[in-house]
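What follows is one structure encoded as structure tokens, with my remarks underneath.
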Amino acid sequence: MSTIKQQIEQLRSELREHNYNYYVLDNATISDFNFDIKLKELEALEAQHPEFFDANSPTQRVGGTITKSFETVTHKNRMHSLDNSYSKEDLLDWEKRIQKMVGVETVEYTCELKYDGASINLSYENGMLKSAVTRGDGFQGDDVTANIKTIRSIPLELKGNALNTFEIRGEIILPLDGFNKMNEERVAAGEEAYRNPRNTASGSLKLQDSGEVAKRPLDCLLYHVVGERLPFSTHAEALQNAKKAGFKVPETLTIAKSIDEVFEFIQYWDVERHNLPYETDGVVVKVNSLPYQDEMGYTSKAPRWAMAYKFKAEQESTLLHKITYQVGRTGAITPVANLEPVQLAGTIVKRASLHNADQIAKLDIRENDTVFVEKGGEIIPKVVGVDLSKRPKDSQPTIYATHCPECETILVRTEGDAKHYCPNEFGCPTQITGRIQHYISRKAMDIDGLGAETIELLFKEGLITNYADLYELKIEQIIPLERMAEKSAKNMVAGIEASKQIPFEKVLFALGIRFVGETVARKLAKHFKSIDRLMSASFEELINVDEIGDRIAQSIVDFSSDIGTIDLINRLRTYGVQLELSAEAQEGQTDLLQGKIFVVSGVFTKLSRNELKKSIEDNGGKVSSSISKKTTYIIAGDNMGPSKRTKAEALNIPIISEDDYLAMIVK
């Protein structure tokens with residue numbers, strides 16, 4: 001090894017240790033001046049000897065990389081949401097479900113504060129940071145690695161070797177002191193202050209210049225280690241090892257031996273959270289045992305072994321000036337309270353949802369009332385009550401809208417439905433533009449060069465009346481429009497052309513079938529494989545698909561039998577839009593396990609758990625996290641959950657090995 005290389009590696013090692021001491025341990029071991037001297041020395045040596053370049057060198061934290069667009073990346077392990085609870089009763093009910101699932105009365109928990117920032121998934125290979133991806137929709141997010149490298153509390157290279165190749169999840173936050181200092185500087189420069197730390201942290205991750213990100217005092221608090229065959233038996237142990245490896249794991253993490261100790265933690269932090277250096281809006285409670293977590297599994301949206309307890313939302317009172325009505329793309333009518341602006345949880349709130357006619361009647365909400373407003377989950381503003389002591393003497397009860405505010409069509413409300421609807425699906429302007437806006441949205445067709453305002457303009461000018469019309473737009477039609485130029489027109493047409501390569505499952509979501517969200521669209525695409533098979537499916541065939549209920553099935557039948565819809569689908573086909581799963585997506589898929597339901601439990605040697613589940617689904621089978629009479633087989637690995645084994649034996653469900661399963665799928 002050359003002397004120069006030794007010098008460079010020695011400096012890198014020293015600087016990493018100083019970074020760790022200062023940003024993770026909050027215990028500086030060198031002055032800022034001396035740190036900068038060493039950093040400049042390293043920068044000079046690296047510039048003179050580019051052959052020793054290292055993407056994870058401490059010099060790479062200063063930023064400078066420009067990212068024009070952030071690549072969308074599919075998560076190796078899905079980033080689930082958390083179920084929320086708001087009371088002691090919710091948590092006690094959750095504990096009963098846990099005890100039933102794992103077959104024990106005493107369960108150990110971990111309690112962690114729920115940080116209010118932007119979720120991030122960090123991937124490491126051989127102890128080195130490989131990538132950083134935002135949560136996105138849980139299935140895929142944006143690669144923001146260049147920006148994340150500028151956050152000094154995130155290790156680029158790990159200490160020790162307990163953790164090697166794995167993923168770790170955390171929250172990118174903006175500490176309150178740093179946020180306030182940023183705002184002081186902005187106001188002094190004549191710029192508008194940022195509204196709150198959470199949105200500012202989230203927005204920072206998508207700045208194109210990583211040099212600008214480096215100037216912001218962002219931090220990262222880690223809370224979950226994900227990987228195959230990790231050498232830990234508990235969640236707390238995994239995080240303690242992450243801490244030793246160099247990650248910033250908050251000291252507030254506590255092990256609770258009972259649900260009563262969980263309540264003590266919640267009660268303490270409901271008061272003390274106001275003294276923290278960063279914002280938090282609740283507590284996350286997790287089953288500590290990793291084998292128990294494995295045994296409990298997930299619902300379609302969230303882990304069964306975790307629960308978020310939300311602190312009582314911040315509430316303010318303000319004047320409700322007027323109730324207006326908003327039309328969604330499906331025709332659903334949402335009443336909206338137009339308020340005297342009020343500051344709430346760091347943002348200025350001018351409008352809040354009133355949900356539906358029943359909610360207005362229940363709370364007796366009227367125009368010119370003084371109302372109480374809070375943020376549901378501290379995100380979406382909603383009216384939760386009325387200050388009757390301030391109600392004007394001439395106040396009149398609210399009479400709910402009878403006609404669509406956009407097209408004057410009489411509203412309808414079906415039995416059992418909370419909302420009113422405008423039935424003028426193909427004539428109501430807001431529904432028409434709403435469907436097209438949904439079609440082009442990022443989670444759907446992701447068409448560059450098009451936005452909501454442009455769709456409104458194209459519709460107003462008579463160039464489009466549905467999403468199929470987009471594929472007939474010509475550059476010369478677009479250029480004369482307001483705020484358009486040749487470059488904008490070319491980008492728009494190119495973006496529309498590129499959307500023809502978007503995979504079928506996203507196209508299916510983009511079509512805007514009522515009740516068919518991203519997860520359902522993905523499931524339907526995988527099951528039916530083409531739009532033709534889906535649209536020819538009967539109601540009975542649809543409800544036999546995993547997690548497809550009567551409401552979704554009827555909506556698909558209605559969509560498929562509409563003449564206008566059939567015409568749109570045929571037009572999309574002629575333009576080259578993907579209306580079936582690609583050969584690549586279908587590669588390796590069979591019907592060998594059609595109709596069979598598997599429960600996977602334990603640790604396996606030949607396939608990882610994720611690989612095993614994917615294999616079952618690729619061969620037409622269904623993976624369930626819980627055992628029932630419908631279960632066909634249990635695939636048991638080492639350390640199979642004891643309650644699952646007991647239940648399987650009681651129901652006479654065959655328990656097979658990993659090798660038994662692999663033999664089953666040999667063609």
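Predicted, not measured: the structure shown is a model, and the values here were computed from it.
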* **Phe509 six-ring face occupied by Lys443 cation (under 6.0 Å, within 45°)** => no
* Asked: Atom CD in Gln343, atom CD1 in Ile348: separation rounded to 0.5 Å?
  -> 4.5 Å
* Tyr298 and His80 aromatic ring geometry - parallel, tilted or perpendicular at 30°/60° bounds -> parallel
* Lys286 and Val284: side-chain contact (heavy atoms from CB on, under 4.5 Å), yes or no, with the steps? -> CA-CA 7 Å; Lys286 299 173 186 169; Val284 178; 3.7 Å; yes
* For the pair Tyr471 and Ile496, evaluate side-chain contact (heavy atoms from CB on, under 4.5 Å) and give the outcome as yes or no after the intermediate values. => CA-CA 7 Å; Tyr471 296 93; Ile496 293 168; 3.5 Å; yes
* Asked: For Ser628, does its backbone N or O pair with a side-chain atom of Thr631 as donor and acceptor, under 3.5 Å?
  -> yes
* Asked: What distance separates Ile323 CD1 from Asn338 CG, expressed to the nearest 0.5 Å?
  -> 9.0 Å
* To do: Could you grab the distance from atom OG1 of Thr402 to atom CD of Glu408, nearest 0.5 Å is fine?
  => 8.5 Å
* Quick check, are the ring centers of Trp94 and Tyr309 under 6.0 angstrom apart? -> no
* To do: Looking only at non-hydrogen atoms, find the nearest pair between Ala525 and Leu581 and report the distance.
  => O-CD1, 3.5 Å
* **Step-by-step side chain to side chain donor-acceptor pair (under 3.5 Å) determination, Asn544 to Glu540** => CA-CA 6 Å; Asn544 282 327; Glu540 288 70 27; over 6 Å; no
* Trace of the side-chain contact (heavy atoms from CB on, under 4.5 Å) decision for Asp532 with Leu579 -> CA-CA 8 Å; Asp532 293 333; Leu579 295 175; over 6 Å; no
* **Gln431 (side chain) donor-acceptor with Cys422 (main chain) under 3.5 angstrom** => yes
* Can you tell me if CZ on Arg551 sees more than 12 non-hydrogen neighbours from other groups inside 6.0 Å? -> no
* Lys419 pairs by side chain to side chain donor-acceptor pair (under 3.5 Å) with which of Thr330, Asn356, Thr334? -> Thr334
* Using 4.0 Å as the upper bound for N to carboxylate O, is an ion pair formed by Asp281 and Arg198? -> no
* If you measure from the Lys or Arg side-chain nitrogens to the Asp or Glu carboxylate oxygens, is any gap between Asp417 and Arg514 under 4.0 Å? -> yes
* Asked: Are any side-chain N or O atoms of Ser441 and backbone N or O atoms of His438, one a donor and one an acceptor, separated by less than 3.5 Å?
  -> yes
* **Lys/Arg-Asp/Glu bridge criterion (N-O < 4.0 Å) met for Asp116, Arg273** => no
* Should we say atom CG of Leu388 is surrounded by more than 12 heavy atoms from elsewhere, each under 6.0 Å from it? -> yes
* **Interatomic spacing from CD in Glu453 to NZ in Lys460 - rounded to 0.5 Å** => 11.5 Å
* Test of ring centre spacing under 6.0 Å for Tyr325 and Tyr400 -> yes
* To do: Apply salt bridge (charged side-chain N to carboxylate O under 4.0 Å, His left out) to Arg571 and Asp469, showing your working.
  => CA-CA 9 Å; Arg571 286 180 63 195; Asp469 288 343; 2.8 Å; yes
* Asked: To the nearest 0.5 Å, what is the distance between CZ (Phe559) and OG1 (Thr565)?
  -> 4.5 Å
* Among Arg135, Glu171, His224, which one satisfies side chain to side chain donor-acceptor pair (under 3.5 Å) with Ser119? -> Glu171
* To do: Identify the two heavy atoms, one from Ser353 and one from His355, that lie closest to each other, and give their separation to 0.1 Å.
  => OG-N, 3.0 Å
* Shortest non-hydrogen contact between Met445 and Ser499, atoms and distance -> CE-O, 3.4 Å
* To do: Step through the shown structure and confirm whether more than 12 heavy atoms of other residues, nucleotides or ligands are within 6.0 Å of CD1 on Ile566.
  => yes
* Going by atom types alone, do Tyr421 and Thr414 pair a side-chain donor with an acceptor below 3.5 Å? -> no
* Structure fact -> Closest non-hydrogen contact found for Glu295 with Val102 is OE2-CA, 4.4 Å
* Is there a donor-acceptor contact under 3.5 Å linking the side chains of Tyr109 and Glu95? -> yes
* To do: Check whether any side-chain heavy atom of Cys404 lies under 4.5 Å from a side-chain heavy atom of Val327, and answer yes or no.
  => yes
* Asked: From Lys322 NZ over to Asn368 CG, what is the distance, rounded to the nearest 0.5 angstrom?
  -> 9.5 Å
